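All of these numbers come straight from a predicted model, not from anything done at the bench.
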Amino acid sequence: HMLQVVSVTTWLGVPLTGTSATFSSTLTSGGLFYVNNLAQIAQSKSSTTDPTSNIMLQLKNTNTTDNVYNTLMFKDAQGNDGACLSAKHTDHGNNKAGIGLWTRNGSNLVERLTILADGKVGIGTTAPGHPLTVVNSTAAGTPTAWIHNSNNVAGADCLVVSSVSE
């Protein structure tokens with residue numbers, strides 16, 4: 001470990017709640033920075049329309065190669081990767097990036113939900129070709145989607161597909 005800070009109440013301007021809060025961080029030789037047992041990051045901003053004015057945590061990858069990731073990883077107590085949220089910078093020259101939500105299926109991290117830079121959403125695919133693309137790669141006979149109306153009201157719409165806007 002190149003840097004480790006343990007048991008502080010404020011670090012890098014981040015207030016930690018509680019007098020017994022433990023906060024440690026590690027900067028590895030590869031430039032990775034870890035934060036363990038962070039109690040809270042608190043900030044009050046007034047903008048409700050511009051997310052860039054309410055940044056509480058910023059991850060920056062200084063590699064300008066296209067198709068590189070910034071990743072927020074969630075690990076279990078043993079340090080195993082559990083799930084992650086990643087930004088994939090697909091075109092640095094034109095400032096384009098997408099988002100991926102990954103989960104672990106036991107042995108591998110798998111990208112389950114993809115939002116491309118153009119807004120196309122993929123579930124079960126990393127290359128959606130339409131505004132919403134859902135791909136089912138499970139066994140035959142397994143529904144791709146299940147929509148249930150718990151209203152139990154006859155004639156109540158569960159799903160409406162229309163070419164007319166409301």
Side-chain angles (χ1 to χ4, degrees), residues 1-5 8 10-17 21 23-76 79-138 144-145 147 159-166:
H1 303 300
M2 292 178 58
L3 170 69
Q4 185 166 14
V5 180
V8 294
T10 303
W11 193 77
L12 291 178
V14 177
L16 304 173
T17 61
F23 171 78
S24 67
S25 64
T26 305
L27 180 63
T28 68
S29 59
L32 298 173
F33 180 72
Y34 296 96
V35 178
N36 300 311
N37 301 322
L38 180 60
Q40 178 181 1
I41 297 175
Q43 180 181 33
S44 176
K45 294 283 188 168
S46 60
S47 176
T48 58
T49 58
D50 179 12
T52 62
S53 68
N54 294 321
I55 296 172
M56 294 180 66
L57 176 64
Q58 180 172 311
L59 305 176
K60 181 178 182 180
N61 186 338
T62 58
N63 184 328
T64 58
T65 304
D66 286 346
N67 298 312
V68 296
Y69 292 95
N70 280 25
T71 302
L72 181 60
M73 180 64 70
F74 299 92
K75 293 184 174 272
D76 65 15
N80 300 309
D81 297 344
C84 67
L85 178 64
S86 64
K88 185 175 184 181
H89 303 277
T90 55
D91 184 347
H92 284 279
N94 291 303
N95 197 24
K96 294 182 180 182
I99 293 284
L101 179 62
W102 302 63
T103 62
R104 178 166 291 287
N105 66 5
S107 57
N108 299 308
L109 276 173
V110 178
E111 191 168 359
R112 307 291 184 174
L113 174 72
T114 303
I115 304 173
L116 299 180
D118 63 4
K120 292 176 183 164
V121 176
I123 299 173
T125 179
T126 59
H130 305 281
L132 175 62
T133 302
V134 180
V135 175
N136 181 4
S137 60
T138 58
T144 299
I147 300 171
L159 176 65
V160 176
V161 178
S162 175
S163 61
V164 179
S165 62
E166 288 190 33

Is there a donor-acceptor contact under 3.5 Å from the side chain of Asp66 to the main chain of His92? yes

Between His130 and Lys120 (side chain of the first, backbone of the second, donor and acceptor by atom type, cut-off under 3.5 Å), is there such a pair? no

One should read off an interatomic distance between Ile99 CD1 and Leu116 CG, to the nearest 0.5 angstrom, of 11.0 Å

Distance check, rounded to the nearest 0.5 Å: Glu111 atom CD versus Leu113 atom CG? 8.0 Å

Test your reading of the model: is there a side-chain donor-acceptor pair from Asn61 to the backbone of Asn70, 3.5 Å cut-off? no

What verdict does the side chain to side chain contact (heavy atoms under 4.5 Å, CB included) test give for Met73 and Leu109, after you've listed the backbone C-alpha separation in whole Å, the side-chain angles of each residue and the deciding distance to 0.1 Å? CA-CA 11 Å; Met73 180 64 70; Leu109 276 173; 3.7 Å; yes

Within a 6.0 Å radius of atom CG on Asp118, are there more than 12 heavy atoms belonging to other residues, nucleotides or ligands? yes

Separation between CH2 (Trp102) and CG (Asp81), nearest 0.5 Å, reads 11.0 Å

On a heavy-atom basis, which atom in Gly122 and which in Pro128 lie closest, and how many Å separate them? N-CG, 3.6 Å

Are any of the side-chain heavy atoms of Arg112 and Leu101 separated by less than 4.5 Å? no

If you round to the nearest 0.5 Å, how far is OG1 of Thr125 from CG of Asn136? 12.5 Å

Hey, does Lys88 have a side-chain heavy atom less than 4.5 Å from the side chain of Thr114? no

Please find the pair of heavy atoms, one from Thr65 and one from Val68, that lie closest to each other, and give the distance. O-CG2, 3.2 Å

